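The figures here come from the full heavy-atom set of this structure, side chains too, leaving out hydrogens, waters and symmetry mates. If you're wondering where the values come from, they're calculated on a predicted model, not measured in any experiment. In listed order, ligands and their atoms are each counted from 1.
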Amino acid sequence: MEEASASASSQQLRLIFVEILLYNQVGNVKQFWNSCWQYLYDDILQEQRSIHGNPHYTLDDNTLKDKILYKLDDLLIVRGNSVQSIGLPVPTAERAALENNRLIVQQLSYNTADLHEQLPRLVSGLNNEQKKAFDTIVLSVDRNKGDLFFVYGAGGTGKTYLWQAVTAFVRSQGKIVLTVASSGLASLLLQGGVTAYSRFKIPIELKEESTCDVKKNTQLAELLKKTSLIIWDEAPMSNRICFEALDRTMRDILGDVCRSKRERNFGGVTVVLGGDFRQTLPVVPGSGKHETISASITNSYLWNSCIILKLTSNMRLSRFADTDEEKERTTNFANWLLSVGNGAEHSVQISNSQDFEWIRIPESFLIDPGVDETKSIIDATYPDLKSMYMDASYLRQRAIVTPKNDAVNSLNESVLDLIPGNKHVYLSADSIDGSDNMSDDLRGIYPTEFLNNIGGGSLPCHRLILKVGAPVMILRNIDQPNGICNGTRAVVTALGRRIIQVKLITGISTDKHICIPRILFIHKTTAFPFVMRRRQFPVRLCYAMTINKSQGQSLDMVGLYLPEPVFSHGQLYVALSRTTSPNGLKILIADQDDLYKGCTKNIVYREIFSMLGNSDQL
Ligand SMILES: Nc1ncnc2c1ncn2[C@@H]1O[C@H](COP(=O)(O)OP(=O)(O)OP(=O)(O)O)[C@@H](O)[C@H]1O
C-alpha cells in the first residue's frame with residue numbers, strides 16, 4: 001500500500017485494499033486495516049472541505065474511519081461481500097443507512113424519468129424479431145407469468161440491444177431486473193451487469209444437488225424476493241447445475257412468501273437466458289464430448305419448459321457495409337461463419353481417415369507460412385509494429401489467436417522481443433496449500449520448481465516478463481462495476497517492485513490508469529493431489545491469446561494461428577467471428593502437404609443443436 005500510495009489516488013488505494021483483502025487471505029484483517037486506513041481518505045476529506053467551503057476543515061479519526069468503511073462497503077457489496085462478512089468494523093455513524101437493504105436500494109436507484117425518455121427510441125429501433133421477443137418478455141413480467149425464455153442468436157444479432165430495451169422498460173416501471181452473464185467480459189455489456197457467480201453466490205465446486213450460498217433473511221434473499229426479471233447472457237457457457245442451483249434456491253426463498261412459488265421455475269420469477277450454442281460450451285475439466293453435452297443447459301430439467309425466441313439478422317455486419325459490393329461480401333462472410341458454426345460447411349476427407357471434421361478455408365483469408373511461421377503471423381497481424389507499438393488504439397484493434405497456451409506464450413515472447421524497452425521479470429511465489437501438514441515424501445515429489453512449471457487456464461505465469469508499452473489482459477474480476485474484469489485489456493505504463501501501473505484500453509473505463517498489486521491465486525486441479533497457491537500480478541501479455549480467452553473480444557484485425565487444429569466444440573467459429581469485417585481476418589495453417597493445403601478441423605457437437613428444434617438453420 002505504501003508503494004502504491006506514491007502514485008495512486010485514495011479512491012484507487014481503496015480498490016487495492018479491497019483486492020488484497022479478497023484475494024490474499026490476509027491473516028489479521030483488523031491489523032491490516034489499522035496499518036492502512038490513513039492512505040484511504042484524501043478524497044473524502046477533500047470532499048468535506050469543499051462542502052464546508054473551508055480548506056482547513058478537518059474530521060476526527062473515528063469519523064474518517066467511518067466514512068472510509070462506508071465506501072469500502074460499497075466496493076465489497078458489489079463483489080458479494082461486506083465490511084461485516086470480511087471482518088472489518090461496521091461503520092457506526094452510517095449504521096442507520098446500512099439497516100436499509102442497500103442491494104435493493106442500488107437496484108431501485110435507476111432514474112425512471114431518464115428511462116422513460118430513452119424508451120421510445122430504444123423500442124422503435126427494434127427489428128421485427130427483437131420486437132416480438134421484447135413484447136413476449138415484458139408481457140410475462142407484467143402478468144407475473146414466471147416464464148423461462150432462451151433468446152438464441154448468433155453474435156451481432158442484437159441480443160444486447162434487446163436486453164437494453166427490456167431492462168429500460170421494466171426498470172422504468174420501478175421494478176427490479178437483475179442482469180448477469182456467465183463471464184465477466186459479457187457482464188460489462190449489461191447495464192448493472194455482474195457475473196452470475198458473484199450475483200447469486202453460486203458455489204465454485206458444483207455438485208448435482210448444489211444450491212446457491214444465499215441465507216434466508218439476508219439482503220440478497222430479500223433482493224431475490226423483490227426481483228421481477230433475471231437476464232442471464234452467455235448462458236450456454238455455464239454448467240446446467242448453475243441454473244438448477246439458482247432454481248432450487250429461488251423456489252426455497254420465494255416459497256416462504258407464498259407456498260405455490262415452490263412449485264414454479266425460479267420461484268415464479270421470469271428468467272431470460274441468452275447466447276449462442278455455436279460458441280464455447282461449459283468447460284468440464286479433463287472430460288470429453290459426452291460430459292460437455294451433459295453439462296449444457298439443454299440437458300437440464302429446466303430446458304423442457306424453456307421457450308425459445310430466435311434472432312437471425314446480423315445487425316453488426318450490416319452496419320458496416322456501405323456499398324452493394326461490400327454488403328454482398330459481408331453477407332457472404334456472415335453466412336460462411338454460420339455455416340462453420342453450425343457444422344454445415346462442406347467437409348473434406350483427409351487421406352483414408354474416417355474423420356469428417358476437416359473443412360477448406362477460403363483462399364482470401366490464408367497467409368503463406370513462409371520460412372518463419374512466427375514472423376509471418378506477427379507481420380500479418382502487427383504491421384508497422386516498430387512505429388505503432390505504443391499506440392493504444394492500434395493494440396486494442398488486434399490480436400493473434402491460437403488454440404493452445406504453449407503457442408500463446410512463445411508468440412507473446414517473440415513480439416515482446418521486437419519492441420524497445422527494458423524487460424522486467426516478476427517471479428511468482430508458489431506453494432502448496434496446507435503444505436505444513438503434508439508428508440515429506442509428497443513435498444519431495446512436488447518441489448517448488450515443479451509448482452513453478454504449472455500454468456494455463458486463468459493462472460498467471462510463474463515468470464512474468466513485461467515491458468512498458470506491452471498489452472496485457474487482466475485475469476481477475478478486479479472492479480466489475482468499472483469494467484475491470486477477467487478479459488479486460490490494458491497497456492503497461494509503469495513497472496514498480498510491488499505494483500504495476502496500466503492504462504485500460506477496453507471496457508467502460510478505457511484510458512483510465514490503475515495500479516495493480518500481486519494477488520493470491522488458488523489453483524485446484526484434478527491433475528494433482530493438492531491445491532496450489534500462486535502470488536503474482538493478475539495479468540498476462542496479450543499480443544496473442546488462446547481462442548477460449550478471445551471469446552467476447554471484438555477485434556478489427558484477427559490473426560488466427562493454427563500450428564495444429566482446434567480441439568473442442570465451437571473454437572474455430574469463436575476465432576473466426578472475433579472480427580467485425582472479412583477484411584480483418586488472416587489465417588496461418590502450419591505444416592501442410594499440398595493436397596490438403598488450406599484445410600483445418602472444425603469441431604462441432606451437432607447434438608447440441610438437436611435440442612433447439614430447427615434453430616441450427618438460423
Ligand atoms: N435494432 C437495431 N437497430 C440498430 N442497431 C442495432 C439493432 N440491434 C443491434 N444493433 C447494433 O448491432 C450491433 C450488434 O448488436 P448486439 O451487440 O446487441 O448483438 P449481440 O447479439 O449481443 O452480439 P454478441 O453476441 O456478439 O455480443 C451493435 O452495434 C448494436 O448497437
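- With respect to Arg476 and Glu19, no salt bridge is recorded, no charged nitrogen being found less than 4.0 Å from a carboxylate O.
- Rounding to the nearest 0.5 Å places CD1 of Ile202 at 11.5 Å from CD of Glu244.
- Numbered from 1 in the order shown, with element, the atoms of ligand 1 that lie under 4.0 Å from a heavy atom of Thr157 read 19 (O), 21 (O).
- Note on Asp276 versus Arg278: salt bridge recorded, some NZ/NE/NH1/NH2 to OD/OE distance being below 4.0 Å.
- For ligand 1, the atoms closer than 4.0 angstrom to any heavy atom of Gly155 are 23 (O), 24 (P), 25 (O), 26 (O).
- Ligand 1 lies less than 4.0 angstrom from a heavy atom belonging to Gly156.
- Taking only nitrogen or oxygen atoms, main chain and side chain alike, Gly158 reaches within less than 3.5 Å of ligand 1.
- Between Tyr152 and Phe609, a ring centre-to-centre spacing not shorter than 6.0 Å is recorded.
- Here Arg264 pairs with nothing under the side chain to side chain contact (heavy atoms under 4.5 Å, CB included) rule; sequence neighbours left out.
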Pairs of donor and acceptor atoms involving the side chains of residues 175-182, under 3.5 Å and at least two apart or interchain, shall be tabulated with distances.
| from | atom 1 | to | atom 2 | distance (Å) |
| --- | --- | --- | --- | --- |
| Thr179 | OG1 | Gln191 | O | 2.9 |
| Thr179 | OG1 | Gly192 | O | 3.4 |
| Thr179 | OG1 | Gly193 | N | 3.4 |
| Ser182 | OG | Trp232 | NE1 | 3.1 |
| Ser182 | OG | Glu234 | O | 2.7 |
| Ser182 | OG | Ser238 | OG | 2.7 |

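- At a heavy-atom cutoff of 4.0 Å, ligand 1 is contacted by no atom of Ser554, backbone or side chain.
- Interface of Gly125 with ligand 1, defined as ligand atoms under 4.0 Å from a residue heavy atom, comprises 1 (N), 2 (C), 3 (N).
- Counting atoms of ligand 1 from 1 in the listed order, those under 4.0 Å from a heavy atom of Ala154 are 21 (O).
- Under 4.0 Å from ligand 1, the heavy atoms of Asn127 that appear belong solely to its backbone.
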